[in-house]
*Asks:* 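One structure follows; several queries about it will come next.
Just so it is clear: chains get the letters A, B, ... in the order the sequence lines come, proteins before strands, and each one is counted from 1.
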There are 2 protein chains.
Amino acid sequence: MQPRPLPVPVPIPADVFEAEDRVRPFAIETPLLRSDALDAAAGASVWIKPECLQVTGSFKIRGASNRLSKLSETERARGVVAYSSGNHAQGVARAARQLGMLATIVMPSDAPLVKVEGVRSDGADIVFYDRWHESREDIAADICDQTGATLVPSYDDADIIAGQGTAGLEFARQMQAAGEPLHHLVCCVGGGGLISGIALAFSALSPDTRIWGSEPEHHDDWARSLESGAIVANSKEAPSSICDAILTPQPGDVTWAVGGSRLAGGFRVSDADVASAMRFAFRHLKLVVEPGGAAALAALLHRMPESSRGQRLGIVLTGGNVDPALFARLIAPSGPDQGPG
Amino acid sequence: MQPRPLPVPVPIPADVFEAEDRVRPFAIETPLLRSDALDAAAGASVWIKPECLQVTGSFKIRGASNRLSKLSETERARGVVAYSSGNHAQGVARAARQLGMLATIVMPSDAPLVKVEGVRSDGADIVFYDRWHESREDIAADICDQTGATLVPSYDDADIIAGQGTAGLEFARQMQAAGEPLHHLVCCVGGGGLISGIALAFSALSPDTRIWGSEPEHHDDWARSLESGAIVANSKEAPSSICDAILTPQPGDVTWAVGGSRLAGGFRVSDADVASAMRFAFRHLKLVVEPGGAAALAALLHRMPESSRGQRLGIVLTGGNVDPALFARLIAPSGPDQGPG
């Protein structure tokens, strides 16, 4: 039985390849990194794609620049609106600035300050909302109604997915250059824009690699959806998580249409797993990774099955936008000492 | 008038090229990174060589692996000894382990714990000493006398310099691939092993690039030596600095023989400059850089002359081995908050 087609476009691998030329003026090709310490900890050969080193500190510039580059002249003149806890916001703000467009970002009033500052430094207007009592969707829709601006979704959109997928094209090609494909790739999942884009890219370039999600426990909508074969939402009473960037209610319609059939499954990680992964990245990788961006590393360090030992594993570290006070607390739990100086 | 030749070998550019094959099994080619935020802050186009991402968390594996690979079978069987505040120690320990040799490291009892753990995890023996009342040179010499082990100097040695210089070969070639040579390169300086190796490499591949040191204020022996044309030592009463990795009494004889005629000059940076640079790297580059490793970035952010504006500048971030409590204190001076989680 064929599933009912979606009323909106669902991207195919060719869309990811076509996105590359549009994304290139905005994003860097992030390197692949190795770490003896990580190989030893994982009991496997691990390749790391550090999108925390990407422009704006996360992969989100890829999707935003692809989406905004496709707007018509008329649409560009009216500007764009996005809502986001921060990384998508920064991607949209940067792409808009580079294209000479106005951007308005609807952000929760408790968004990490580092993300607010990133958006502000790219000249976007910020509208704060109370995420317990206001609807960001309604606020953004009002702005679009009033100004004619285009809403840029953070994940559930063919162009966003295709843009994020350029990270997957790079990863697969870098592994081709390294000589051997990955057995497994683990990527954090919020709405699923990145992982479904990566799944498209790997379906074309490295079809035998199995793609796995990693989510905060209690926010395991993708894992449960993949297990049940249909979209399942998180409980509205789910306890919060430090992974602010990847807390979404359920898989998107478009991301599910792409990822639902292409992902192998999902891991659940605790806040303690994530904090441990951030400390590992600090200690051994010398990378600053934000909580949501460390979910794949957390899965690798704490949740991988024995069967992955000795295999070639890839992880994406998706972002590094974390407030210094939280980072300090997580890497040095007992608080700073009175060291030299 | 020709200067009197040194009684020990002084490396030439060919030695750096020859070191590459020996270093390759031990070290990675670190990528070159760019940052819009850094370009904006410096008013220049900046390329970053992040040796903090190198194996053992600093460039020191390059020189250590070159030096140890050249030992004879007989020498290898007797092991090696090194003294170091930590990064050279880790480089020697790792190279020794990979070559199946015994290593004994003489470390100050107040060395950063992260460096002690790094050495220990590579299976080296550690001998601690009190750096106010004991001589690490005497302790190391005693061990060599008793065991027949080879002392591996941390900088003042032709093979160490040539090995560190492989970072310069990479940097110069990566800039060739980027299309244009650097006008200026800034690198932190302790004993001068890395910067003199880089100067050798650039003299062969990018001779018009001017190479500058960066040192903690009061430990500006290289800057003053370059200004006066002869080796000048630091005052023994110089106040300390957070840059533990680059506090050395004076330029080495061999490093000075290489660098004295090839370096353009030196910058002095304060602990506050260095802390600011570490915060910048955390916030914008998403890299963990240790104090000494951030000295070049500190010079770029706080000490560059107006004449460098608009030019192509290179910096080396030489290491990332910093204790979490100190890092936490430097990036979040008011102490960790009681954030989410």
Side-chain angles (χ1 to χ4, degrees), chain A residues 28-37 40 50 52-57 94 110 112 114 117-118 121 240-242 244 271-272 274-275 279 281-291 293 317 319-341, chain B residues 28-37 40 50 52-57 94 110 112 114 117-118 121 240-242 244 271-272 274-275 279 281-291 293 317 319-341:
Chain A
I28 63 166
E29 175 174 326
T30 50
L32 273 201
L33 302 177
R34 300 296 312 272
S35 160
D36 295 331
C52 49
L53 303 180
Q54 186 53 268
V55 174
T56 72
R94 174 62 60 89
D110 61 348
V114 66
E117 288 172 349
S121 72
S240 195
S241 152
I242 57 174
D244 61 282
D271 278 4
V274 168
R279 280 193 292 275
F282 166 82
R283 166 74 180 83
H284 294 290
L285 311 181
K286 311 305 177 188
L287 292 174
V288 176
V289 187
E290 67 183 275
L317 303 179
N321 294 313
V322 51
D323 275 335
L326 175 62
F327 192 79
R329 188 167 64 85
L330 292 176
I331 63 165
S334 60
D337 69 0
Q338 301 302 314
Chain B
I28 63 165
E29 175 174 325
T30 51
L32 272 200
L33 302 177
R34 300 296 313 272
S35 160
D36 296 331
C52 49
L53 303 180
Q54 186 54 268
V55 173
T56 72
R94 174 61 60 89
D110 61 347
V114 67
E117 287 171 350
S121 73
S240 194
S241 152
I242 58 173
D244 61 283
D271 277 5
V274 168
R279 280 194 293 274
F282 166 81
R283 167 73 181 83
H284 294 289
L285 311 182
K286 312 304 178 190
L287 293 174
V288 176
V289 188
E290 66 182 277
L317 303 179
N321 294 314
V322 51
D323 274 336
L326 175 62
F327 192 79
R329 188 167 65 86
L330 292 176
I331 63 164
S334 60
D337 68 1
Q338 301 302 314

*Asks:* Identify which part of B:Arg34 has an atom lying under 4.5 Å from any heavy atom of chain A, answering side chain, backbone, both or neither.
*Replies:* neither
*Asks:* Parallel, tilted or perpendicular for A:Phe327 and B:Phe327, by the 30°/60° rule?
*Replies:* perpendicular
*Asks:* Quick one: list whatever passes side chain to side chain donor-acceptor pair (under 3.5 Å) with A:Glu29, sequence neighbours left out.
*Replies:* A:Gln174
*Asks:* What part of B:Val322 gets within 4.5 angstrom of chain A, counting heavy atoms only: side chain, backbone, both, or neither?
*Replies:* both
*Asks:* In terms of heavy-atom pairs under 4.5 Å, which option from A:Asp36, A:Thr30, A:Thr56 contacts chain B the most?
*Replies:* A:Asp36
*Asks:* What part of B:Glu117 is in contact with chain A, defined as an atom under 4.5 angstrom from a non-hydrogen atom: side chain, backbone, both or neither?
*Replies:* both
*Asks:* Does any heavy atom of chain A fall under 4.5 Å from the side chain of B:Val114, the backbone, both, or neither of them?
*Replies:* both
*Asks:* What distance do A:Gln54 atom CD and B:Lys286 atom NZ have between them, rounded to the nearest 0.5 Å?
*Replies:* 12.5 Å
*Asks:* Counting only heavy atoms closer than 4.5 Å, note whether B:Leu33 contacts chain A via side chain, backbone, both or neither.
*Replies:* side chain
*Asks:* Measure B:Asn321 against the heavy atoms of chain A and call it side chain, backbone, both or neither at under 4.5 Å.
*Replies:* both
*Asks:* Please find the pair of heavy atoms, one from A:Ala332 and one from B:Ala328, that lie closest to each other, and give the distance.
*Replies:* CB-CB, 4.0 Å
*Asks:* Please identify each residue that fulfils side chain to side chain donor-acceptor pair (under 3.5 Å) with A:Arg279, with sequence neighbours left out.
*Replies:* none
*Asks:* Among the options A:Ala275, A:Cys52, A:Ala37, pick out the one with the most heavy-atom pairs lying under 4.5 Å from chain B.
*Replies:* A:Cys52
*Asks:* For chain A, which of B:Leu285, B:Leu287, B:Asp244, B:Val288 has the most heavy-atom pairs under 4.5 Å?
*Replies:* B:Val288
